[in-house]
Amino acid sequence: MKMQWEILVVDDEEVMRESLVAWLREDGYGVDSAASGRDAIERAREKDYAIYFIDLKMPGGIDGIETMMEVKKIRPEASIIIITAYATVDTAISAMKEGAQEYIVKPCNPKEISILVERIINVKNLQLENTILRQKLAKRYSFRDIISKNPKMQDIFELVKEISSLKSTVLVQGESGTGKELIARAVHYSGDRASKPFVSVSCAALAETLLESELFGHEKGAFTGAVAQKKGKFELADGGTIFLDEIGDISPKLQMDLLRVIQERTFYRVGGTEELTVDVRVIAATNRNLAEAVAAGTFRDDLYYRLNVINIQIPPLRERREDIPLLVRSFMDRLSHELGKETDDITKSGLKLLIDYSWPGNVRELENAIERAMVTCKTRVLTDEDFAFLEQNGSRKQAWNVPDNLPLQEVEKRVIVATIKRTGGNIKEAASVLGIDRSTLYDKIRKYEIER
Amino acid sequence: MNRRIYLSPVGNVVEETLTVTARFISEMFGFDAVRHTSFPEPDFAFDVRRGQYSSTLILQNLTKVCPPDAVRFLAMTEADLFIPMVTFVFGQAQLSGKVALVSLARLSQDFYGLPGNNDLKIHRAWKEVAHELGHTFGLVHCRDRSCIMSLSTEILQIDLKSEDFCQGCWAILSEELAAQNVAFRRGHLEMRNKVVETPR
Ligand SMILES: Nc1ncnc2c1ncn2[C@@H]1O[C@H](COP(=O)(O)OP(=O)(O)OP(=O)(O)O)[C@@H](O)[C@H]1O
Ligand SMILES: [Mg+2]
Ligand SMILES: [Zn+2]
Ligand SMILES: [Zn+2]
C-alpha cells in the first residue's frame, strides 16, 4: 500500500503557481494551490500536505519565510521547499536554518523538481513503512505494553497470563527499573480483577507508623494528626490487587501485620477495634535478595513463603540486550509525540553504544537516557554524541585518578553527593544511576548526613 | 462524425509535419484528426528576459479558441516554451482536459548543433504528441522508462523511450477512449498494436 502524498504550491503569481501545479499533477501527485501565505496556512490546517512549495517573495501580507514558519508550527512533519530567484538565494539558504528542507532556484532544470519530489516522497514512504513495521514489531514483542523478545521474558508473559486470574500471592523480583511494577499491573489487568482497583504502595517511602496507617487506615484520633478516619490501601483495593513495592524494607512489626492479612484476609485500622475483612490479591516486589534477608534473619521466613507462592524473577537489561533496540524505538516513538520533537531515528553507532552500555538502572535508566538525549538533540537523528552523558555516569572507559589517603566510605559519600547533585535531587533517579535501591540510598544519606 | 481531434500550428510549422502527425494521431487514438486553423506567432507570450515563450499563456489562449466539437485540441509550434519554474518544456497539456501543446524547437537536431534530420524530428514530435495527449486523457507520468508516458526532461530520454504506451498506461487509456468513442473501440484497439511505423 502506497500512501497518496499531497502537495501544496504557494505563490501569489498565477502563471507561476498554475504551471507548477500542472507540472506536479502530470507527475502523478495530488496538488492544491494557495495564492497567499495566509491562504496556505488556512489550507495547512485543513489538510496534511507532505510537501509545500513556497515562493520566497510574496509581496503584501506574509512572505515565504513567515508562511513556512507558521506551516511548520501546524505541520512539523511537512517538508518545505522554498522557491527562489537567483537574487535571493542567500535568503533561501538561511530559510533552511529555519527548517526548510530544500530550496530551488527558478528557473531550474526540469528534472530537478521531479527528482527532488521523488526523493522526499521516497523518504516519507520509507518512514511510513518503518513506523508500520515498528508498530508491528512492538506489538509482536509486547504484552500489555511490556516490550521484550527475550525468551525468559516471554516465559514470564506466559506465566502472567496463566496466573492472572488466580488469587495466589505473587513475588516479583528484579533489579531497580527492570519493570516489576509493569509486570504487577499486567497480572492485575490480564485477570478477572481487571475492572477492580490496582492499588500501589511504596513501602520504602514511609516511616513505619505512617506506612502502617497507609496500609490499614486509621481511626480519628489514633495518633497526632489523625483528625479524621481514613481508609487504608487494603480497603481501597477491595476486590482488586494491592501492589506492595519494595517489600524488603518493612519493619518486623509490619511484617507480622502483613502476614496476618495475607493469611486471614482480616486486619484492624490503626487505633481501631473493628475487624475488617477484604478480598485483595497481594503482589509484592523487591530489588533485594529476600532469601538472603531471610537467612540473615531480617525478613520473616513465614511471610517470605506466603509471598513467594508464585515467583517472577525479571532479568536485568544487560542480560537481555536484544531488547534494547526495540525499547529504544518504542521510547522514541512515544517521546517524540510527548516532547513534540521530530527526532525519530538513531544512528547505528548510537544504538550500538546503548546496546553495549551496562544499564545499572535497567529499563528506567534507558528510558531516562532517551528522553534526556531527545530533549537536547537538535536534529532528526540521535547520535553517540547525544549520549555523551552515559560515558560519565557509567562505569565505562574513563579512568579516574584515585586521590591519596581516601577512606572507602569517603569515596562512597562523594559519589553519592555528586550523583544526587547531577539528578537535581531526584533520589529515585540517583538510586537507579548508582545501581542501588532507593531505601539503601536513603540509609546512606542518613549515615553520611548528606544534605539534599 | 463530429468527434474529432483538431490539430493547429501556432506560428510557422512545416505543413507536412502537421499532415503526418494528424495521420499518426488517428492511428494511435482512433479518432479523426484534422488540420485546423493556423494561429499567428505567439508574440503575446514572449518573455524578453528569457527569450522564450510562456507555455502557460499559449495554452490559456488556445483554450479560448478550442472548437466546441473537439474531442481534443492539439497545437504544435516551433517556439521554445517555458514555464516559470523550469528552463524549458517540450510541451504542456491540461491533465484530463482538452488542450495540449507541443514544441518542436528542441526536437530538432539543429538545436543541439547537429546536422538536421527531419524524420527524426517528426518521430520525436509524435512521441511528445502522444505523451501530451496521454495527459489529456488523464494519464500521469509512468515509472516505466520505455513507456511513452515516462517523463522526459532531455532529448536523449525521448529517443530512448518507445512510441508506445506500456500495458498499464494502455489499459487506462483504452478505458478513457472507450468512454469517449464506444462504437469505434474494439476493432481499433485490436488493429492498433504496432501499426505506427517509424519514418526513416
Ligand atoms: N519491558 C519493558 N517495556 C517497556 N517499558 C518498560 C519495560 N520495563 C520497564 N519499562 C519502563 O521502565 C520504567 C521502570 O519500570 P518499573 O517502574 O515497572 O520498574 P521497577 O522494577 O518497578 O523499578 P523500581 O525497582 O525502581 O521500582 C517504567 O517507566 C516502565 O514503563
Ligand atoms: Mg517500581
Ligand atoms: Zn508529461
Ligand atoms: Zn506507462
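Everything numeric in this text was worked out from a predicted model, so none of it was measured. Residue numbers begin at 1 in each chain, while the letters A, B, ... track the order of the sequences.
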Trainee: Kindly write out the residues that satisfy side-chain contact (heavy atoms from CB on, under 4.5 Å) with B:Leu95, not counting sequence neighbours, or none if the list is empty.
Mentor: A:Arg25, B:His135, B:Val140
Trainee: Can you establish whether the number of heavy atoms outside B:Arg23 located under 6.0 Å from its atom CZ is more than 12?
Mentor: no
Trainee: How far does CD1 of B:Ile83 sit from CD of A:Glu18, to the nearest 0.5 angstrom?
Mentor: 11.5 Å
Trainee: Could you check whether any side-chain heavy atom of B:Met85 comes within less than 4.5 Å of a side-chain heavy atom of A:Glu112, counting everything from C-beta outward?
Mentor: no
Trainee: Between side-chain atoms of residues 58-65 of chain B and protein atoms elsewhere (two or more places apart, or another chain), which donor-acceptor pairs fall under 3.5 Å?
Mentor:
unit_1, atom_1, unit_2, atom_2, d
B:Thr63, OG1, B:Leu59, O, 2.7
B:Thr63, OG1, B:Gln94, NE2, 3.0

Trainee: Is B:Val86 close to A:Pro107 at the side-chain level, that is, under 4.5 Å between some pair of heavy atoms?
Mentor: no
Trainee: What part of B:Phe88 gets closer than 4.5 Å to chain A, counting heavy atoms only: side chain, backbone, both or neither?
Mentor: both
Trainee: When only pairs under 4.5 Å are counted, which of A:Ile113, A:Asp11, A:Val105 shares the most heavy-atom pairs with chain B?
Mentor: A:Ile113
Trainee: With a cut-off of 6.0 Å (strictly less than), are more than 12 heavy atoms of other residues, nucleotides or ligands near NZ of A:Lys57?
Mentor: no
Trainee: Do you know the tightest heavy-atom contact between B:Thr87 and A:Asn109?
Mentor: OG1-CA, 3.9 Å
Trainee: Check whether more than 12 heavy atoms from other residues, nucleotides or ligands sit under 6.0 Å from atom CD of A:Glu322, and answer yes or no.
Mentor: yes
Trainee: Of all residues at least two apart in sequence or in a different chain, which pass the salt bridge (charged side-chain N to carboxylate O under 4.0 Å, His left out) check with B:Arg72?
Mentor: none
Trainee: About how many Å separate CD of A:Glu26 and CG of B:Leu139, when rounded to the nearest 0.5 Å?
Mentor: 11.0 Å
Trainee: I need the residue from B:Gly138, B:Ser55, B:Cys142, B:Ala93 with the largest number of non-hydrogen atom pairs under 4.5 Å to chain A.
Mentor: B:Ala93
Trainee: Under 4.5 Å heavy-atom distance to chain B, tell me which part of A:Phe53 shows up: side chain, backbone, both or neither.
Mentor: neither
Trainee: Write down the atom of A:Ala22, the atom of B:Gln92, and the distance for their closest heavy-atom approach.
Mentor: CB-NE2, 4.1 Å
Trainee: How long is the gap from NE2 on B:His141 to OH on A:Tyr29, to the nearest 0.5 Å?
Mentor: 10.5 Å
Trainee: Is it the case that atom CG in B:Asp159 sees more than 12 heavy atoms from other parts of the structure closer than 6.0 Å?
Mentor: yes
Trainee: Can you check whether anything in residues 38-52 of chain B gets within less than 4.5 Å of chain A, heavy-atom wise, and list it by number?
Mentor: B:Arg50
Trainee: Could you look at B:Gln157 and say if it's the side chain, the backbone, both or neither that has a heavy atom under 4.5 Å from chain A?
Mentor: neither
